[in-house]
Amino acid sequence: MLDMSQDFRLFMIGPMGSGKSTVGRVLANLLGCSFVDSDAEIEARCGADIPWIFDVEGEVGFRRREAAVLSDLAKRSRVVIATGGGAVTTAGNRELMSEKGIVVYLDVSIEQQLKRTGSGEGRPLLAQGDREATLKKLMLERKPLYEELADMIVSASSGNARKVARHIQEQLSARSLLPPVTD
Ligand code: S3P
């Protein structure tokens, strides 16, 4: 892993509705780092939203954009990066994340995912078919990837972003992985 005495970069991974952005933002605040959401960055660069990208370029096009954005974001330091739920399916992204930073997996139940993703709006993979069946299928495929990549696995089912972020901060502190103090 990276030498954290010089640099700090933390990737939040986990399924849709696990709270990667909400917890990531609170965590960045606690750590005095910046926060960036890779999906928001993809949309800003493309000038279109994610459903549009899936519609026009397919999932393949979206994954290409996602990999390019992640690779750029990984050049920043003192940053918490929330990734999209499927970022781990690209081997290059997994290599990048494990090489460039600390990876935190927010683990959440399918029930919580269903609640938090609501009608599935803005998430093309949930736009058709039975949302629960889709979430279960994706979890089956991706859970081994999340687990293998994670430096830290944190339960996010409590739904309290501040509590989850504090827990991550404590774990980082216990492992001497907090961001270096800057003057
Ligand atoms: C996806 C998750 C989404 C977004 C895109 C694809 C996925 O991000 O990247 O819709 O493959 O699970 P969130 O996990 O932030 O919803």
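Quick note: numbers below take in every heavy atom, side chains included, and nothing from hydrogens, waters or symmetry partners. Whatever order the structure lists ligands and atoms in, that order sets their numbers, starting from 1. Only a predicted model underlies this, so the values are computations on that prediction, with no experimental measurement involved.
For ligand 1 and Leu125, the ligand atoms under 4.0 Å from any heavy atom of the residue are 7 (C), 11 (O). Shown in contact with Lys20 at under 4.0 Å from a heavy atom are these atoms of ligand 1, numbered in order with element: 13 (P), 14 (O), 15 (O). Near Pro124, the atoms of ligand 1 lying under 4.0 angstrom from a non-hydrogen atom of the residue are 10 (O). Listed by number with element, the atoms of ligand 1 under 4.0 angstrom from any heavy atom of Arg123 are 16 (O).
Contacts of Met12 with ligand 1, taken as heavy-atom pairs under 4.0 Å, are absent altogether. Residue-level proximity to ligand 1 for Thr117 is absent, since no heavy atom of it falls below 4.0 angstrom. Contacts between Arg142 and ligand 1, counted as non-hydrogen atom pairs separated by less than 4.0 Å, involve the side chain only.
With respect to the salt-bridge test (charged N to carboxylate O, under 4.0 angstrom), the residues Arg78 and Asp7 do not qualify. Classification of Arg45 and Glu41 as a salt-bridged pair holds, one side-chain N sitting under 4.0 Å from a carboxylate O.
No single ILVMFWY cluster, assembled from side-chain heavy atoms under 4.5 Å apart, contains both Leu30 and Val164.
Between Val154 and Ile168, the shortest heavy-atom distance links the atoms CG2-CG1, 3.9 Å.
Distances between N or O atoms of Gly17 and those of ligand 1 include no value under 3.5 Å. Checked against a 3.5 angstrom limit, the closest N/O atoms of Asp39 and ligand 1 fall inside it.
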Pair Arg65, Glu57 - check salt bridge (charged side-chain N to carboxylate O under 4.0 Å, His left out), show working. CA-CA 10 Å; Arg65 288 182 183 277; Glu57 301 178 353; 2.7 Å; yes

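With no hydrogens or angles considered, no side-chain donor-acceptor pair links Asp107 and Ser155 at under 3.5 Å.
The closest heavy-atom contact to atom 6 (C) of ligand 1, among the options Met139, Arg63, Glu66, comes from Arg63.
Between Leu126 and the choices Gln113, Arg131, Glu132, the side-chain contact (heavy atoms from CB on, under 4.5 Å) rule is met once, by Arg131.
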